[in-house]
Amino acid sequence: MKKTVDVSIPLGPVHPIFKEPCRIKCETFGEQVLAAEVELGYMKKGIERIMVGRPWQEVMFLAERVCGICSVIHNFVFIETMEKISGVTVPDRAAYLRVLANELDRMQSHLIANFSYCYTIEHETIGMYLLNIRETVMDMLEYLTGARVTCAYIVPGGVRFDPDNEDLTRIMTAMDDVERETRRYMSMFESGPLIGLRSKGIGVMTREQAELIHAVGPTARACGITTDCRSDHPTYQRLNFSPLVRTEGDNYARVMLRFQEILQSVDLIRTIIRTLPEGKIRGGGTIGRGETTHKGEAPRGELTYRIKSDTHGRVQEISIQTPSIMNIEACARYMIPGVTSVADVTAAYISSDPCVACTER
Amino acid sequence: MRSILSYIRHMARPEWVKTFFLAKTAPLSTPPHFREFPHLTGKECTHCFQCMMICPAPGAIEVIRTDKPGEWKPVIHLGHCIRCGLCVEICPELVLDAGRVHMKNAQDGTYMQFQFHITINPVTCMGCGSCTVACPVNKEIDPQLAAKGTSTSDEVIMRVYKGINTVFHEDKCTGCKTCEEQCPTRSILVARVLEPLQISEET
């Protein structure tokens, strides 16, 4: 018998689970969801239009305000694009410190993503414990860069401040705490019958489907795709980075992959602090004219900047491509249809870690 | 009555009194270069306006004249300031400070260098010379230029030379953008160029 649509249920744009406004329309048969559609466009900022015509000194601060949760990577990729345009080189120590700031930012982004997933499956307690870990990470970000969210740490040709040995020791000690706590909650999530096992086999997306819709980031890597822009980055290659992959493709895999990536970031940070080269943190160099495209790996996936600048480093054209739009589309087309209850729709949506602030920049 | 008594008995417990009166929290330690809002250090401001020019947040910093004759000072509007610390780093006279940015910069040997580039669009420029006459630096160097509009000096920033507006000394420009405002065809552009640099250890 062919199933016909019973009721069409709208979730959002204002919903207690969603961090940001977004509307999901679900077509249901009983409790089963047959199809879903995502509607965006509630908080368009027009930040690319504001960037056009301004010198890079101003655009640098606008770029890290595209998204509050992954602000360091926006700063990182924007400055790298401008450096690529004008051929500015970075000293070794600065390159390592950039990666250090980026990995701290990635850890806190993954922790908040897993918090909101735990909150969605009605387990606030473990979520709150994850936020406690995040506080430690944020403190370390503040010790390194001088600010918690909008750091403005990366400047053309280097970084702003040089951490001394005391700071590095403090970060190293904090990483021990973070690893211990993360492993504890990860094992709880892995084995707890009411926490993690509730999400096994829900919101499954196969590798073929993910390749078809070009899913990126942890959402794609949980389906077995091995794309990670960090493996193309020269500094990460020196740190022997290799991307982590899981093959299940369900909610559980996505959350567990994020936990594993946090532990991987801990290892990377330890390696950086152990092998941090001595030397300058700022080279010289003037930003000039050109046009180029540059990619970087944000916590949610691939981030692309395409910039055209004039002789004085004014941005003439800019286009930012952020990861979440593909993941949200993948979520609506492949993850949500087929879930057994309406309550799992929000869980599947949040497990792909959508960021509407990035998407509607 | 009994409930009040039970409350009093509860609050008189030594553990409760101890936690209430002798509570100890961990000492708050400020990060080494925490960037708070910029504050004045009391050094003399030479009103070079570099802090105003570098500031990425519109209207966050303003250099104004004080009541005393010939004294200027920067005023920070806290609602607009984004605490990026660029004004602190760029100020050549160390008038501003935020947290331990100066200390950290002196330790690392990092600084910012400021330059200006003047470009004239040869297609739209009609060689009227309004910019040359209006430029305050030109007036100082060659008073004849400001009075009569014609001069033969090459020491000025720019001059109409053989009917074409020519830039001679870009390095003398202070970035006041008076020429940009005066140009009737909007064909002159003053761009600031900022270089973050570090003093090398050899020199």
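Within every chain, numbering begins at 1; the chains are lettered A, B, ... in the order of the sequence lines, protein sequences first and strands thereafter. As the structure is a computational prediction, the values presented were derived from the model and not from experiment. FYI, side chains are in, hydrogens and waters are out, and symmetry mates aren't considered; it's all heavy atoms of this structure.
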Below 4.5 Å from any heavy atom of chain A, which atoms of [X] appear? Answer side chain, backbone, both or neither.
X        : value
B:Phe116 : neither
B:Gln113 : neither
B:Ile82  : both

Interface check, chain B: of A:Pro163, A:Gly288, A:Cys151, most non-hydrogen pairs under 4.5 Å belong to A:Cys151

Among A:Thr150, A:Asp167, A:Ile287, which residue forms the greatest number of heavy-atom pairs with chain B at distances under 4.5 Å? A:Asp167

Heavy atoms from other residues, nucleotides or ligands near [atom1] of [X] exceed 12 (cutoff 6.0 Å):
X        : atom1 : result
A:Tyr129 : OH    : no
B:Arg13  : CZ    : yes
B:Glu140 : CD    : no
B:Tyr161 : OH    : no
A:Lys295 : NZ    : no
A:Glu166 : CD    : no
A:Lys44  : NZ    : yes

Anything in residues 55-89 of chain A with a heavy-atom distance to chain B below 4.5 Å? Please list those residues in order. A:Pro55, A:Trp56, A:Gln57, A:Glu58, A:Phe61, A:Arg65

Nearest 0.5 Å, what's the NE2-CD1 distance between A:His312 and B:Ile118? 10.0 Å

Working to the nearest 0.5 Å, report the span between OG1 of B:Thr110 and CD1 of A:Ile281. 5.5 Å

Considering only heavy atoms, which portion of A:Arg148 lies under 4.5 Å from any heavy atom of chain B: side chain, backbone, both, or neither? neither

Please report the shortest heavy-atom distance between A:Glu142 and B:Phe34, naming the atom on each side. OE2-CD1, 3.5 Å

Please name the pair of heavy atoms, one in B:Leu197 and one in A:Arg282, separated by the smallest distance, quoted to 0.1 Å. O-CD, 3.7 Å

For each of [options], tally heavy-atom pairs with chain A at distances under 4.5 Å, and name the one with the top tally.
options                                : result
B:Pro196, B:Ala191, B:Gly99            : B:Pro196
B:Cys84, B:Gly85, B:Gly109             : B:Cys84
B:Val193, B:Val101, B:Asp108, B:Leu189 : B:Asp108

Backbone N/O of A:Thr145 and side chain of B:Arg35: donor-acceptor pair under 3.5 Å: yes

B:Lys104 side chain to A:Asp162 main-chain N or O, any donor-acceptor pair under 3.5 Å? yes

